[in-house]
Amino acid sequence: MAGLLASLAIRKALEKLSSYLAASLSASSSSPTSGRARQEKDHEDLRMLERTMRRIHATLHDAEQHWNIREESTKLRLKELKDLAYYAEDVVDAYEMNRQKVEALKAFAGAASHKRKYQQESEGLFCDSHTVAITDELAIKTRKLIERFDEIKYYSDNFTLSENDGEIRLTPDISGLQTSSVVFENSIVGRVKDKNNIVEKLLSKRGDNLASPVSVMAIVGMEGLGKTTLAQLVYNHPEVCKYFDVHAWVCVSEQFDINNITQSIIVAVTKEKCDLSELPNLHERLVEEIKQKKVLLVLDDLWNERRDCWDLLCMPMNTTKLCMIVVTTRSEKVAKLVQTMPNFYNLECLSFDESWLLFRQVALTVNQENAPPNLVEIGKAIVRKCKGLPLAIKRIGSMLRYETDEQSWLEVLENVLWDMDQPWNEVSPSLELSYRHMPVYLK
């Protein structure tokens, strides 16, 4: 989040600086020769500042959008760049204040009676009649900023560990975990009505579009709400299994690679390895397996917002007798893109009673019915703070599974949602994915 704010700050400052440099460049050609060398030197420093700011902005933008940073050295370098971004904003704002002061003085000098006062107050603010002077203080700050950037660059070049310094210890990336269709239904709480609603919709459809046998149902909701679990329940429902000839479950996640997804569908359908890599060959192979059959396809965690990519992925499905596609997504925009049924399925949070039942299942495994009354009351307070999110309830409940001390439960109640790394370290990569796809104003 700090990276986003710094990136926005420096972008704003860049717009101001670029606008000034463009204006001063056209004005300098007609300026007198006196003081021109100093003026050109100061302007060159500002141009260097502009280039430096663009590099900082690009680095912060890429870090915010595409990287999950773990190395402390990289975190430090980014923090220093963020600090430098705010400092650069201050430098540009200082010039902007000078410029505004000059404009005000010009307006003030319109009356002849104010001319002497105008000349006194404007002294040092002009380098000629066309442009605003870069004061000594501003010039010093500009050079200092460039020096600090060079210092960060030197640190990056000379204090970064390499393969020669040792063996890299790899940390598992849990953000890339794949889902599957397997589910233990007896452990699921509060989704019976949702499951039955979707099953009814799937089995009542015979293809909404006369031009295509493909129908799409989107399940939409925030991270941790249970979209995947609901899709698993639907996928494994006995009537659904019986109705469709072919079943396939594919976890899509952030990278929408049509070749890889099509290959995964083929593997899911055939239960055999697929060595094909070219899309025409993959399409032909998939058509062989699904042509004139009733197909159920689940695409879990979809993020793609391009219609052309979606249409290309679905092209082989048009050869089926009927193809029902269930999509889970956190994005309403994605749901509206793919949905063919009148409305997407907006998944709601669990009720308090359902939340409490789930929490008891996880946290009070030993003795659910005869749990100590004090722990029950604290547990209910914790559940209220989870606001019906199944993932949060399960993560926090698992922390307390073998805790019988009241103080431990109270500490969780008071701190867990704000201060404690556990259990949020297991959720945060997914939340980061949702965050990266938000519009800037929501971030």
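Only heavy atoms go into these numbers, but all of them, side chains included; no hydrogens, no water, no symmetry mates.
Rounded to the nearest 0.5 angstrom, Q292 CD and L322 CG are separated by 11.0 Å. Residue I265 holds its CD1 atom at 11.0 Å from SG of C274, rounded to the nearest 0.5 Å. Within the model, atoms SG of C251 and CG of L302 stand 10.5 Å from one another, a figure rounded to the nearest 0.5 Å. Rounding to the nearest 0.5 angstrom, the gap separating the CG atom in L410 from the CD1 atom in I378 is 4.0 Å. We find the CD-CG distance between Q407 and L413 to be 10.5 Å, quoted to the nearest 0.5 Å. Atom CD of E239 sits about 9.0 Å away from atom CG of N196, to the nearest 0.5 Å.
Minimum heavy-atom separation, L282 to S277: CD1-O, 3.8 Å. The two residues I258 and C309 come nearest to each other via the heavy atoms CD1-O, 3.6 Å. Summarising the geometry of I290 relative to M317, their closest heavy-atom pair is CD1-SD, 3.9 Å, with the distance given to 0.1 Å. The shortest non-hydrogen separation linking P213 to T320 is CG-O, 3.4 Å. Residues S398 and V362 share a closest heavy-atom pair of N-CG1, 3.4 Å. For the pair H247 and V240, the tightest heavy-atom approach, listed with the atom from each and the gap, is NE2-O, 3.6 Å.
Formation of a donor-acceptor pair under 3.5 Å by the K293 side chain with backbone atoms of F244 is not found in this model. Side chain of Q232 to main chain of S180: a donor-acceptor pair is present (N/O by atom type, distance under 3.5 Å, no hydrogens or angles). Although no hydrogens or angles enter the test, the distance criterion places a donor-acceptor pair under 3.5 Å between the side chain of R307 and the main chain of L337. Side chain of E272 to main chain of V267: no donor-acceptor pair is present (N/O by atom type, distance under 3.5 Å, no hydrogens or angles).
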| request: Would you sort out whether L297 and M324 count as a side-chain contact (heavy atoms from CB on, under 4.5 Å), showing the intermediate values? | output: CA-CA 6 Å; L297 171 62; M324 299 297 306; over 6 Å; no
Practice problem: Verify side-chain contact (heavy atoms from CB on, under 4.5 Å) between E223 and L389, making sure each step is shown before the conclusion. | Solution: CA-CA 9 Å; E223 168 64 19; L389 285 177; over 6 Å; no
- Message: Checking I219 against T329 for the side-chain contact (heavy atoms from CB on, under 4.5 Å) test, could you report, in this order, the C-alpha distance in whole Å, the side-chain angles of both residues, the deciding distance, and whether it holds?
- Response: CA-CA 6 Å; I219 303 173; T329 180; over 6 Å; no
- prompt: Hey, mind stepping through M315 and H283 against side-chain contact (heavy atoms from CB on, under 4.5 Å) and telling me if it holds?
  reply: CA-CA 8 Å; M315 194 173 292; H283 274 181; 4.3 Å; yes
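Contact annotation: the side chain of I396 approaches that of C386 to within less than 4.5 Å [non-hydrogen atoms, C-beta and beyond]. The side-chain heavy atoms of S215 and M341, taken from C-beta on, include a pair separated by under 4.5 Å. K227 is listed as a side-chain neighbour of R330, based on a closest heavy-atom distance under 4.5 Å. Side-chain contact between N236 and V182 is absent, with no heavy atoms from C-beta onward closer than 4.5 Å. Using a 4.5 Å heavy-atom threshold, the side chains of T340 and M217 count as separate. The shortest side-chain heavy-atom distance between V220 and L347 does not fall under the 4.5 Å cut-off. A 4.5 Å side-chain heavy-atom check between L358 and P390 finds at least one atom pair inside the cut-off. Using a 4.5 Å heavy-atom cutoff, the side chains of I325 and L299 are in contact.
Inspection of the D308 and W310 side chains reveals no N or O donor paired with an N or O acceptor under 3.5 Å. Defined by atom type and a distance below 3.5 Å, a donor-acceptor pair is present between the side-chain atoms of E354 and S351. In this model, a donor atom of one side chain and an acceptor atom of the other lie less than 3.5 Å apart for D300 and T228.
Open room surrounds CD on Q255; 12 or fewer heavy atoms of other groups in view lie less than 6.0 Å from it. In the displayed structure, R306 atom CZ is contacted under 6.0 Å by at most 12 heavy atoms of other residues, nucleotides or ligands.
Residues E288 and R285 are paired through a salt bridge, judged by an N-O separation under 4.0 Å between the basic side chain and the carboxylate. Note on K321 versus D245: no salt bridge recorded, every NZ/NE/NH1/NH2 to OD/OE distance being 4.0 Å or above.
A cation-pi arrangement, defined by a distance under 6.0 Å to the six-membered ring centre and an angle within 45 degrees of its axis, is absent between K201 and Y345. The cationic group of R384 lies under 6.0 Å from the six-membered ring centre of F352 and within 45° of the ring axis, placing it in a cation-pi geometry.
By the 30° and 60° cut-offs, the orientation of the rings of W356 relative to F359 is parallel.
A search for side chain to side chain donor-acceptor pair (under 3.5 Å) contacts involving K79 returns D83, not counting sequence neighbours. Applying the ring pair (Phe, Tyr, Trp, His ring centres under 6.0 Å) criterion to Y235, with sequence neighbours excluded, gives W249. Considering only residues two or more places apart in sequence or on other chains, E278 meets the side chain to side chain contact (heavy atoms under 4.5 Å, CB included) condition with P280, N281.
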